[in-house]
Structures are given as structure tokens and as C-alpha cells.
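Every heavy atom of this structure was used, including side-chain atoms; hydrogens, water molecules and symmetry mates were not.
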Amino acid sequence: MYNEWIENAVGDPDLIAELKEIGGNSDEIYERFYKDLEFGTAGLRGIIGAGTNRMNIYTVGRATQGLADFLNSRHKNPSVAIGYDSRIKSEYFAKEAAKILAANGVKAYLFSELEPTPCLSYAVRKYGTSSGIILTASHNPAKYNGYKCYDSNGYQMTDAEADEAYSFIQKVDYFTGIKSTDFDAAVENGLIEYMGEDVIEEFLNEVQKQCVNPEICKKADLCVIYTPLNGTGNKPVRKILNRIGVEKLYVVPEQEMPNGNFPTCPFPNPEIKQAFEYALKMTDEIKADILLATDPDCDRVGIAVRGESGEYVLLSGNEVGAMMLNYLLSQKKEKGLLPENAVAVKSFVSTDLAEEIAKKYGCEFKNLLTGFKYIGELITELEKEGKADKFVMGFEESYGYLAGTHARDKDAVVGSMLICEMAAYYKAQGKTLADVMEDIYAEFGFYSNTVKSYEFDGAAGMEKMKKIMDNLRAAPPAEIAGMKVLRIGDYKSGFFLNTADNTKTKTGLPESNVLSYKLAGGNGIIIRPSGTEPKIKAYITAIGKNKSDALALAEELTAAADKFTEV
């Protein structure tokens with residue numbers, strides 16, 4: 001396979017240079033060729049470089065050719081919307097994909113510049129395309145890129161559709177099986193069409209409709225420091241915040257412009273403190289009410305807010321999701337805007353605090369598998385039933401939020417807008433968002449929701465991850481941290497096991513490689529391999545009357561999760 005690539009991978013000089021550099025190094029060659037990048041519901045994701053296990057024009061080309069074959073087998077005149085972020089080679093890969101689609105008679109609608117992932121979701125529905133492609137690796141380090149596929153509803157492909165598309169992809173030869181055409185000629189004959197600025201303006205109009213208190217940011221004189229982390233959020237987030245009256249908006253200059261190398265932030269992930277390092281430096285001179293960070297493809301947003309002593313504290317995705325739900329439900333109810341039979345939703349690994357908040361306002365609550373496509377599916381079903389207006393919001397603990405039905409994926413543009421609106425609303429009452437979170441905990445109990453990741457790189461790592469999950473299924477724990485396991489959920493088999501009487505009930509959710517352990521008092525652990533990274537994640541819930549009780553229990557549960565992931 002290596003020899004075949006060094007002879008044929010002439011389309012990108014970077015690949016030939018890399019292949020020559022690793023010549024004779026069996027370990028390096030093995031890592032690049034021991035498998036094909038898998039095409040799943042998250043599409044492709046991998047390190048940029050040469051080989052079948054890397055992101056390059058041939059792996060992207062093979063996926064696109066297979067996608068074109070799949071779409072042509074299903075549709076008479078298929079079309080695809082294509083977007084890309086600031087990552088290394090994202091625009092290059094996007095244009096290559098457009099050329100391949102055009103060569104196969106599939107019309108490609110291409111953004112004229114980098115745009116957030118939720119804009120791609122919006123464009124799929126606006127143009128009525130058969131599918132969508134976004135070139136992004138979300139919040140991964142700079143060496144990664146990815147290729148996500150959407151269906152005609154604007155959410156990522158479901159398992160069945162991804163499997164069918166992959167069956168076509170597997171038939172494509174990397175070098176002889178890919179059709180392509182001249183880009184400019186395809187634009188001229190209408191097979192590639194650039195999407196205009198009007199698409200983004202329409203998207204922002206839909207986002208703005210989610211405002212509940214439109215004038216509050218200006219009235220409260222909200223001050224915000226924002227970092228797009230060298231990604232796609234810079235223009236749209238600034239535009240939407242300007243629209244709602246955030247006049248004191250300061251952007252981190254080192255992280256303002258697109259840069260796939262992420263020179264000041266090796267891990268461009270708003271979940272971690274390092275992402276706020278440069279924003280925090282600016283607070284020496286600018287006493288902002290809130291610090292805002294969006295990831296490179298602007299589908300996730302994280303925040304830091306001023307605490308009691310004036311220092312800035314990061315709020316978790318669970319905390320922001322619960323607080324945003326509380327804000328939307330309370331304000332809509334107060335203004336008479338809350339519909340009967342309102343619906344809110346979260347991934348089942350996210351905090352159960354949100355469900356308790358929903359109960360207070362008589363809002364129906366749904367827990368779905370991890371993956372925003374499941375939330376997108378739910379919105380689409382509501383729309384088909386004429387109930388789209390019932391949807392209040394959905395969220396995942398990994399900093400993904402969506403209010404409104406304009407997109408079918410998490411949206412950091414609407415998330416940023418609502419966070420700022422929420423901060424301004426409470427600022428007008430003399431409260432910070434940290435104060436508001438404490439009020440919520442005082443009312444509902446303190447929820448410590450922790451996510452711990454265990455990394456397993458390379459081929460050996462994949463085997464270890466499989467062994468860990470197999471061992472847990474073969475020998476499930478009877479107790480965790482001194483607490484009896486009351487219920488075991490195996491989402492791969494599709495059943496919950498009640499340990500008291502050994503009875504089983506169906507999960508009612510699609511098959512997924514996830515195990516959950518429910519303990520007394522709502523505590524528990526969920527274990528799942530990541531769908532996009534070489535990691536196993538443990539989601540730990542510890543509930544206490546106060547913070548210290550909950551954190552102490554969380555430590556014990558985390559120690560138990562550590563043991564689960566030993567091989």
C-alpha cells in the first residue's frame with residue numbers, strides 16, 4: 001500500500017514529501033496505513049497527512065466519490081451544500097469535494113468563505129439539497145481535520161444512512177476510482193454555485209428571532225470579551241451581538257483572524273481554561289461581565305464569568321445548558337410566550353438538573369443519545385407534526401446549544417447571543433451568571449457533573465478501548481464507591497437491567513456502544529468511547545445538598561471510573 005501511494009499520490013506535494021520522509025520506518029508506515037479512516041455518522045476525522053488513515057485529498061476524494069454514487073442511486077438531480085472552517089487544508093478539501101461532485105453530475109453549493117457549521121445546516125434546508133458536507137475537526141488540535149456529512153434534513157447522517165453511504169465509499173479506489181473536473185469550468189456551467197452573503201443574513205435573522213428580551217443588552221451596558229479562537233465565529237458572532245445591542249464588545253486580537261495552526265491555543269476547545277488565557281489577560285484592563293469563546297467551526301461556546309471576589313470562573317456546559325433552559329422557560333412563561341406542551345431535550349449524558357428545571361415549568365423533557373443529530377431528528381419530527389413551535393431548546397454537556405429550529409445542529413451563534421442576553425438580564429438585577437447558578441443549586445440541589453477522558457492512541461489504543469468495554473459487559477460492577485448499582489443500561493444491547501429483580505426493559509433508543517450505571521440519589525456513571533476521538537469518556541454525576549458534599553462524592557466516583565478504564 002505504501003508503494004502504491006508513493007507512486008500515485010502526486011496531487012499534493014506535501015504527501016509525497018511525507019511519504020519519502022517515512023520511507024523504511026515500519027512503525028510510521030503502519031500508523032498511516034493499518035486501516036482506512038472510518039466513515040461513520042460523524043463522517044471522517046483524522047490527522048492531516050499521507051495514507052489511508054489520514055485526512056488528505058485522496059481520503060476526502062474517495063469519501064466524496066462514494067457520497068456522489070450514493071446520492072445518484074437515490075436522487076434524480078442530487079445536490080450538496082459545502083462549508084469549511086479555518087483548519088489547515090479545509091478550503092482546499094472543500095473545493096476538491098465540489099469538483100468531484102460536479103464531475104458526477106451532483107450540483108455543489110459552496111460557501112464563498114469559511115462559515116460556522118450551523119450555517120451549513122441552515123443552507124442544506126434553504127437550498128433543499130440532498131446532503132451537506134462541512135470540512136472541520138471541531139475543537140481538535142491543529143494536526144486534525146475532518147469531513148462531516150449531513151442528510152437533507154440538515155442534521156448529520158443517521159447510522160443507517162451513513163452505513164449505506166459507506167458501502168459505496170468502500171467500492172472506490174483511491175487513485176483510479178475518483179472523477180473530477182476543472183473548478184472554474186464547473187462554476188461557469190452551473191454545477192458549482194457560490195452561496196451569497198444573503199444566506200448568512202437570513203441565518204442571522206432566524207437566530208435573532210430567539211431573543212426574549214431584545215433591548216436588555218443595551219440597557220444593562222453589557223461588556224463582553226470574545227475570542228473566536230482563530231475560527232469561523234469572528235464575523236457572525238460579532239454581527240449578532242451587535243444586532244442585539246452589545247456595544248462594549250472586545251475581541252482578542254491574537255485569536256481574531258482565521259488560522260488553522262492555532263498559534264496561541266494548541267487545543268482550541270472552549271471546554272478548557274487554556275482557551276481563555278488571552279481573554280483573561282485582557283481583563284487586567286477591561287472589566288468584562290463575561291468572556292466568550294467559540295470553537296473553530298463555531299458550533300460550541302464556552303464562557304467565563306466574574307465570581308464573588310472578582311476573579312473569572314469557567315462555567316461548565318451542563319451549567320450553561322441548565323441556566324439557559326431556566327432563563328428561556330422563566331422568561332417565556334412570564335411574557336406569555338411559553339407554548340402548551342413545550343419540549344426541551346438533552347443528550348442523556350448531560351445533567352439531570354435540566355430535567356428538574358423543566359418539571360417546574362411543566363415542560364416536557366426528552367433524553368436522547370449523544371450526538372446532536374438525535375436532537376435534529378426530534379426537531380424534524382416536531383416540524384412534520386406541526387409542532388415545531390413547541391421546541392424550546394436542546395443541549396449537550398460538551399458546550400453545544402440550540403434554541404430555535406433554523407439549524408439542526410448545535411449553534412454557537414445563537415448560543416452566544418442567548419448567553420449575552422441572559423447575562424445582561426441578570427446584570428440588570430445586580431447578579432452575575434455565577435450568582436444565578438448558585439441560586440439554581442440552592443433550589444434544586446448541587447449537581448456535580450464531571451467528564452473524564454482516557455486517551456488511547458493508535459492501533460493498540462483501539463484494541464484497549466474495545467477490551468475495556470468488553471470487560472465491563474462481561475463483569476458488570478455490583479456496587480460503585482460503596483453504593484449499590486440499581487440499574488445497568490447497555491445501549492448496545494438496547495436494554496436496562498434492574499438489578500433488584502433482574503428484569504429488563506428497552507432503552508427505546510438506537511444502538512450505541514454505551515454503558516450506564518445508576519446509583520441511589522440520582523448519582524451514576526456513564527461510560528462510552530468517543531465517536532470522533534481515540535478516547536473513552538466517563539460521565540460522572542454526583543448530587544449533594546451542598547457543593548462540598550457533591551464534590552467529595554464526585555471524587556469517589558471518578559476513582560471508580562479510573563479503575564474501569566484500566567487494562
Side-chain angles (χ1 to χ4, degrees), residues 27 30-31 33-46 52-53 158-160 162-163 166-167 170 347-350 367-371 374 397-398 450-519 523-541 556-567:
D27 289 341
Y30 180 71
E31 281 297 326
F33 290 99
Y34 81 91
K35 67 170 185 174
D36 291 335
L37 273 185
E38 293 179 14
F39 183 92
T41 55
L44 307 173
R45 189 175 298 190
T52 59
N53 188 35
T158 60
D159 296 341
D163 287 346
Y166 189 43
S167 70
Q170 288 175 301
S347 61
F348 72 122
V349 298
S350 302
N367 284 287
L368 303 177
L369 288 178
T370 300
Y374 297 111
E397 51 74 36
S398 53
T450 309
V451 183
K452 186 163 182 184
S453 296
Y454 306 86
E455 295 196 19
F456 301 90
D457 288 329
M462 297 299 288
E463 284 300 314
K464 286 180 182 178
M465 288 167 64
K466 182 180 182 302
K467 188 174 181 181
I468 287 165
M469 298 303 289
D470 287 347
N471 288 348
L472 285 170
R473 286 190 168 93
E479 64 174 48
I480 299 173
M483 291 182 283
K484 183 175 172 58
V485 175
L486 304 179
R487 190 184 74 177
I488 299 172
D490 186 343
Y491 293 81
K492 193 171 185 179
S493 68
F495 286 97
F496 292 119
L497 173 67
N498 186 327
T499 60
D501 57 11
N502 220 33
T503 57
K504 288 185 176 182
T505 54
K506 291 183 178 181
T507 63
L509 295 173
E511 180 182 313
S512 185
N513 188 15
V514 180
L515 291 166
S516 67
Y517 306 100
K518 201 72 172 177
L519 313 173
N523 300 295
I525 298 177
I526 297 173
I527 305 284
R528 63 178 279 269
S530 170
T532 56
E533 300 168 285
K535 296 177 180 178
I536 281 181
K537 292 186 176 183
Y539 301 82
I540 295 144
T541 298
E556 294 182 47
L557 293 174
T558 301
D562 291 345
K563 290 182 180 178
F564 288 166
T565 54
E566 291 174 357
V567 180

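A heavy-atom distance below 4.5 Å is not found between the side chains of Ile468 and Tyr454. Counting heavy atoms from C-beta outward, Lys492 and Met469 have side chains that stay 4.5 Å or more apart. Under the 4.5 Å side-chain criterion, counting only non-hydrogen atoms from C-beta, Asn513 is not in contact with Lys466. Using a 4.5 Å heavy-atom cutoff, the side chains of Asp36 and Gln170 are not in contact.
Taking each heavy atom of Asp490 and Thr507 in turn, the nearest pair found is O-CG2, 4.5 Å. Minimum heavy-atom separation, Lys35 to Thr52: O-OG1, 2.8 Å. Counting all heavy atoms, side chain and backbone alike, Glu479 lies closest to Gly482 at OE2-CA, 3.9 Å. For Gly46 against Leu37, the heavy-atom pair with the smallest separation is CA-CD2, 4.2 Å. Closest of all the heavy-atom pairs between Pro534 and Asp457 is CG-OD1, 3.5 Å. The heavy-atom pair separating Thr370 from Ser347 by the smallest distance is CA-CB, 4.0 Å.
Sequence neighbours left out, not one pair with a member in residues 457-483 passes ring-ring contact (aromatic ring centres under 6.0 Å, His included).
The ring pair (Phe, Tyr, Trp, His ring centres under 6.0 Å) search around Tyr539 returns none, not counting sequence neighbours.
The backbone N or O of Glu31 sits less than 3.5 Å from a side-chain atom of Asn53, completing a donor-acceptor pair. Listed for the Ser516 side chain is no donor-acceptor partner under 3.5 Å among the backbone atoms of Ile526. Listed for the Thr499 side chain is a donor-acceptor partner under 3.5 Å among the backbone atoms of Val485.
Sparse packing is recorded around CD of Glu38, with 12 or fewer heavy atoms of other residues, nucleotides or ligands lying under 6.0 Å away. The neighbour count for Met483 CE, taken as heavy atoms of other residues, nucleotides or ligands under 6.0 Å away, is above 12.
Aromatic ring centres of Phe348 and Tyr374: separated by at least 6.0 Å.
Here OG1 of Thr505 is found 6.5 Å from CZ of Phe496. Values are rounded to the nearest 0.5 Å. To the nearest 0.5 Å, atom OG1 of residue Thr450 and atom CD of residue Glu397 are 10.5 Å apart. Separation of atoms CD1 (Ile525) and CG (Leu519) is listed at 6.5 Å; rounding is to 0.5 Å. Once rounded to the nearest 0.5 Å, the distance linking NZ of Lys535 with CZ of Phe456 reads 11.5 Å. We find the CD1-NZ distance between Ile536 and Lys464 to be 11.0 Å, quoted to the nearest 0.5 Å. Atoms CZ and NZ, on Arg487 and Lys504 in that order, are 14.0 Å from each other to the nearest 0.5 Å.
Of the listed residues (Thr503, Leu486, Asn502), just one forms a side-chain contact (heavy atoms from CB on, under 4.5 Å) with Leu497, and that residue is Asn502.
Aromatic ring pairs are classed by plane angle as parallel below 30°, tilted from 30° to 60° and perpendicular above 60°; the pair Phe39 and Tyr166 is parallel.
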